[in-house]
Each structure stands twice: as structure tokens, then as C-alpha cells.
Amino acid sequence: MTMPVQSLPVRDGSFHFRLLQQYLILLKKYPILTKSVTSGILSALGNLLSQYLETRKKAKGGGGPVNEIDVAGATRYAIFGLIITGPVSHFFYQLMEVWMPTTDPYCIVKRLLLDRLIFAPGFLFIFYLVMNILEAKGWEDFEMKMRRSYWTALKMNWKVWTPFTFININFVPVQFRVLFANMIALFWYAYLATVRK
């Protein structure tokens, strides 16, 4: 006996379509604000993902009491995404289009080198600095975290981000590059939240 197969109602698919449509309208009308808010939300979610994974790890290993969700930590990541990631990434990708147009035969290599050798180390430094400020920590703590984990995080950045960056800067339309990077950054911020401790 075969069971009849039912289709999903069209209404379910149209919600996602309307959401995407609204995002595209906002992106066109308010590009920096839209990218900044999206960056803030996804950065906070990355931090919450890190906290969730740490909690699961502790619970499995019997590593003591499970901590409450650190709302302040997620808020710091949201602020960083909103104030730094969204606007800085927006302008970086816009300027990259001007500095290295696709008409340049070496643009693929130049764009990748610019991102990986200049932007990535600088942006990671800014991340460490801003997080230190948002955590209200002193200069000594900043120096210690830089010495202890910056180089490790930068090498991991080069390993993880390089293929995604290659795709992003060469094949993703410029208006969607911040969103594409933010989707990857969701997991990257989960990693950074762990490595900076």
C-alpha cells in the first residue's frame, strides 16, 4: 500500500521569499545599516554558539558546573559586528572593486593577497583591541592575549578563511559579500570566543 505524498503549502515557501525580498529592499535602501545590523546579529549568534558548544563539552566531560549564558559576551560581539564588522567590511569590499577592477588580469591574485596579508591581520588586531575595550580590560591584558593567541588565531584565519575569501571576493556580487562573510563568521566568532579566553 502506498501512501499519498503531500506537497508543502506554497505559503511556507513564500515566507522565506518575502523575508529575502525585504532584506534586498533594505540592502538597496540602507546598505551600510543593513549590513551592520546583520553583522551584529550574526556576531552575537557566533558568540552564543561558542557558549553552547563549551557548555555541551563541559556537560559531556563532567567538567564542573555549567555556566549560565553570558549575555554581556554576546552583546559585546553584537556591538563589534554592528559598529566595526558591517561598516568596515562594506567599505573594504567597495574599495576593492575600485582599486582592483575585474578588468585587471591579476585582480584575482591581488584581491586575495590584499585580503589575506593586509585586511585579515589588521581586522583581527582591531577585533582583539575592541573586545579588550568592551571588556573594560587594561593594556596588560590586551598584550597578554595578543601574545598568547593572536598568532594562533591569525594562522587559523588564513587556513579557514582563504578558500571562502577567494570565493567571496571573486564570485559573490559585491552587495552580498558582507552577508556571505558573516555567514562564515558565525562559526569563526565561535572559534575566536574560545581561543581568546
In terms of side-chain geometry, is the basic nitrogen of R111 or D115 positioned less than 4.0 Å from the acidic oxygen of its partner?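 No, R111 and D115 are not salt-bridged.
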Other cluster members, L113 - Ile/Leu/Val/Met/Phe/Trp/Tyr, side-chain contacts below 4.5 Å: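 When side chains under 4.5 Å apart are linked, the cluster holding L113 also contains V109, L117.
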So, taking the atom named [atom1] in [X] and the one named [atom2] in [Y], what distance separates them when rounded to the nearest 0.5 Å?
X    : Y    : atom1 : atom2 : value
T55  : Y52  : OG1   : OH    : 9.0 Å
L20  : H16  : CG    : NE2   : 10.5 Å
N47  : R76  : CG    : CZ    : 8.0 Å
F187 : L45  : CZ    : CG    : 10.0 Å
F127 : S43  : CZ    : OG    : 8.5 Å
E143 : D141 : CD    : CG    : 10.0 Å

Residue pairs involving residues 156-165 (criterion side-chain hydrogen bond (donor to acceptor under 3.5 Å, both in side chains); sequence neighbours excluded):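 Counting only pairs at least two positions apart or across chains, the side-chain hydrogen bond (donor to acceptor under 3.5 Å, both in side chains) contacts touching residues 156-165 are R116-N157.
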Enumerate the side-chain hydrogen bond (donor to acceptor under 3.5 Å, both in side chains) contacts for residues 21-38, please, sequence neighbours excluded, ordered by first and then second residue.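 Every side-chain hydrogen bond (donor to acceptor under 3.5 Å, both in side chains) pair that includes a residue of residues 21-38, provided the two are not neighbours, is K35-H90.
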Looking only at non-hydrogen atoms, find the nearest pair between [X] and [Y] and report the distance.
X    : Y    : answer
A44  : A74  : CB-O, 3.5 Å
K145 : Y128 : O-CE2, 3.7 Å
L42  : L186 : O-CD1, 3.4 Å
V98  : P101 : O-CD, 3.6 Å
M100 : C107 : O-CB, 4.0 Å

Taking distance alone, no hydrogens or angles, what donor-acceptor pairs closer than 3.5 Å link side-chain atoms of residues 169-183 to residues at least two apart or in another chain?
{"from": "N170", "atom 1": "ND2", "to": "F166", "atom 2": "O", "distance (Å)": "3.0"}
{"from": "R177", "atom 1": "NE", "to": "N168", "atom 2": "O", "distance (Å)": "3.1"}
{"from": "R177", "atom 1": "NE", "to": "V172", "atom 2": "O", "distance (Å)": "3.0"}
{"from": "R177", "atom 1": "NH1", "to": "E97", "atom 2": "OE2", "distance (Å)": "2.7"}
{"from": "R177", "atom 1": "NH2", "to": "E97", "atom 2": "OE2", "distance (Å)": "2.9"}
{"from": "R177", "atom 1": "NH2", "to": "I169", "atom 2": "O", "distance (Å)": "3.3"}
{"from": "R177", "atom 1": "NH2", "to": "V172", "atom 2": "O", "distance (Å)": "3.4"}
{"from": "N182", "atom 1": "OD1", "to": "S39", "atom 2": "OG", "distance (Å)": "3.3"}
{"from": "N182", "atom 1": "ND2", "to": "S39", "atom 2": "OG", "distance (Å)": "2.8"}
{"from": "N182", "atom 1": "ND2", "to": "V178", "atom 2": "O", "distance (Å)": "3.2"}

Please lay out, stage by stage, how L134 and Y77 fare under the test side-chain contact (heavy atoms from CB on, under 4.5 Å). CA-CA 9 Å; L134 293 174; Y77 275 75; over 6 Å; no
Does a side-chain heavy-atom distance below 4.5 Å link F80 with I126? yes
Looking only at the aromatic ring of each residue, does the gap between the centers of F125 and F142 stay below 6.0 angstrom? yes
So, does Y150 use its side chain to make a donor-acceptor pair with the main chain of L124 at under 3.5 Å? no
Is it the case that one hydrophobic cluster holds both L82 and L129, taking links as side-chain heavy atoms less than 4.5 Å apart, direct or via other members? yes
Pair F123, I84 - check side-chain contact (heavy atoms from CB on, under 4.5 Å), show working. CA-CA 9 Å; F123 194 78; I84 306 290; 3.9 Å; yes
Who are the side-chain hydrogen bond (donor to acceptor under 3.5 Å, both in side chains) partners of D104, not counting sequence neighbours? K110
Going by the salt bridge (Lys or Arg N to Asp or Glu O under 4.0 Å) test, which pairs reach into residues 79-94, not counting sequence neighbours?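 Those involving residues 79-94 do not exist here.
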Is the ring pair F119/F92 parallel, tilted or perpendicular, if the boundaries are 30 and 60 degrees?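 Because their plane-to-plane angle is under 30°, the rings of F119 and F92 count as parallel.
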